[in-house]
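Everything below concerns the one structure shown next.
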Amino acid sequence: MPDPTSIRVRFPDGKEESVPGGTAARDALGRWDPEQLKNAIAASWNGVPVDLASRLTSDGTLAPLTFEDRAGRDILQHSSAHLVAKGLLETIPDARPTHGPPTDEGFYYDFDVRPLTPADLDSVRAAMDRSIRAKEPFVRRELSRQEAEKFFSGNPHKLRYISEVPEGETVSVYDTGTFTDLCRGPHVPSTAWLEGVHILGFSAIGQEDPAIPPLQRIRGVGFPTRTELDAYLKMRKEAEARDHRTLGAKLELFTFIEEAPGFPIWLPNGMVVVHELEKFVREHLAAAGYVEIRTPLLFPQSVYETSGHWDHYRADMFLTELEGRTFGWKPMNCPGSMLMFRSRARSYRELPMRLAEFAPLHRYEASGTLHGLTRVREFVQDDAHIFVTEEQVEPEVRTLLAWIEKAFSTFRLSWNVELSTRPAKFLGEAELWDRAEATLERVLKASGVKYRISPGEGSFYAPKIDIHVRDSLGRPWQTGTIQVDYQMPLRFGLAYQGPDGQLHTPVVVHRTILGTWERFLGVLLEHTAGRLPPWLAPMQVRVLPVTDRNAPAAVGLVEELRSQGLRAEAAGTEESLSKRVRSAEVERVPYVVVLGDKEVAEGTVALRVRGSKENRPFSRPEFLVYVSERVRTRSFDP
RNA sequence: GCCGCCAUAGCUCAGUCGGUAGAGCGGCUGAUUUGUAAUCAGCAGGUCGGGAGUUCAAUCCUCUCUGGCGGCUCCA
């Protein structure tokens, strides 16, 4: 029944329209701007997402929601999830849908159903295609609680959601063809909008209680058009070619063997890269007043009892029985640093005391979580522990954050910051945690960086600022971290004598910049597709003599390059020049030099820079300066 | 660790409706002496991931173990 009175609707550009009460959002938008309506997935009514079919009954502001808006994107993902559920129910009628939310990547829908098979998915896809072709509308209906409970009486999950709908709020369902799902909405107008939907895969979702059978999750992603989906799939395919696990093997950087899962074997090329990363970090350590230490890889149980690892981290440790005692392979460097600090009396004059340690760490990571270099059981962090007074905490953290920013920009990596706060199981007093968290947050706010709070994700001894970078498929990996720790110094009984002659407990800032060589390099390889900056490249210059006549000149040039600390080698002439150029490009060598009769006679080189087909003539001295400068300044591009 | 999927030559992959396997690249050898992304020819290389079962016969079917992949949980 249309409302006879007219209402005022305001649009994003400030225009206002008078429309009859009860006008559909779609029609109101159409009167405002038919072009904008075309791309509208749904509408935003007074800031709340609504269906295009919803009727406006009061004055308010109305805006189109498109795929470009996060809310619009989420609506399309969520509608895609409904379509998957419809498809699954047509495949397995007794499947019980639970919930199907949008995610950062796309969407998923969890089902209470027998384990799925790839054939099920084929059937689901076919059903989805049928629905899309039929352009089935999403129709909203509002039900009484009793009606809803009756309708979903066979599905305990939906009954639970119904019971969670706040009193006084209406219970709504959406019909799509023969499929009806409990849903708050809104949705796209019809399945015709879902032509760009794609199922990415399925997996079982374990429940907290192992007695409850796992749910089956179907994951997917939706786009407004088939074209956009194809572009996304192409991007994913290209991302697969950048997988660091493949590149690591191709470029002979590292390998894994079946007998030792999660334990990287660094090949000579990989060691070159790791050493360059170490050099990069150590240069800064020297400039920033750090000293480097080395503490044992194994400690007896008692040390971990003191640090808190025994109670909070034992399940993640490799343990060794010897002399009737239990030793643990260190999963972190902090206990060693604490013992180092405690090894003699300390004065406030020594603070901040910045102790760096690059030691191999072992963590007994669950087998199912291992992943190339980004999740391993043995790794080395660019770690340091900074012992400070209470007043020194904040400036120290500020300096570290700035350094992280600078370091990551060297590698042109974009990063996200999270503030991870006190977990459920934590050491010590909540009051000290609050203080540490407040300090971290103050620094973050003052620095102006965007950050997200990750509640309960702090480590067991300290809250932390975490740096995340994404791999080629968009999966986030934590790398750098800054942690303000009041607990371990107390537990180890650390003290320094202050200017007042009294003993005080220091605060410890645990921090890494790049995180670990392993994970950092894994992510960097994916970002660069293996085309590491020249300073990191295992082989920096390859010299190609055109014929055997030019081989002595090539060897001479290589010697000259090596004497300047550059990594260079001459190729033989068994293969065609084209083939050797190709090999160098495939092996991601940043600088390829061709030496033929012409160059030898003129004392020049023909330089081919990685990624470029043109070759630039250089005099030999110019070339040497050019390459060594690019390397010395750690240029990202060759 | 949980769930699903996968495992054939160093790598990428064919193949065998159960009768013990093939290509390209890579490697080695020889010829070729090359001007900027693959010169030609020949050769070697696999108890078809390990173990057990079914069968006259298993790389193929079943079970199990190991590893990998994708999720989940967890993390640098």
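In what follows, chains carry the letters A, B, and so on, assigned in the order in which the sequence lines appear, proteins first and then strands, with residues in each chain numbered from 1.
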Watson-Crick or G-U wobble partner for [N], using a 3.5 Å limit on both distances?
| N | answer |
| --- | --- |
| rC11(B) | rG24(B) |
| rA37(B) | none |
| rU16(B) | none |
| rA44(B) | none |

Side chain of [X], base of [N]: donor and acceptor closer than 3.5 Å?
| X | N | value |
| --- | --- | --- |
| E252(A) | rG10(B) | no |
| R519(A) | rC75(B) | yes |
| R608(A) | rA37(B) | yes |

rG26(B) phosphate, OP1 or OP2, under 4.0 Å from K579(A) side-chain N/O
yes

Does H371(A) make a side-chain N or O approach to OP1 or OP2 of rG70(B) shorter than 4.0 Å?
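Checking rG70(B) against H371(A), a side-chain N or O does come within under 4.0 Å of OP1 or OP2.
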
Out of the candidates I465(A), I482(A), V449(A), only one should pair with I404(A) under the side chain to side chain contact (heavy atoms under 4.5 Å, CB included) rule; please name it.
I482(A)

Over all strands shown, is V376(A) touching base, sugar-phosphate only, or nothing at heavy-atom distances under 4.0 angstrom?
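Touches a base.
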
Strictly under 6.0 Å, is that where the ring centroids of H284(A) and W403(A) end up?
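Distance test on ring centres: under 6.0 Å, yes.
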
So, F618(A) versus Y626(A), ring centres under 6.0 angstrom or not?
yes

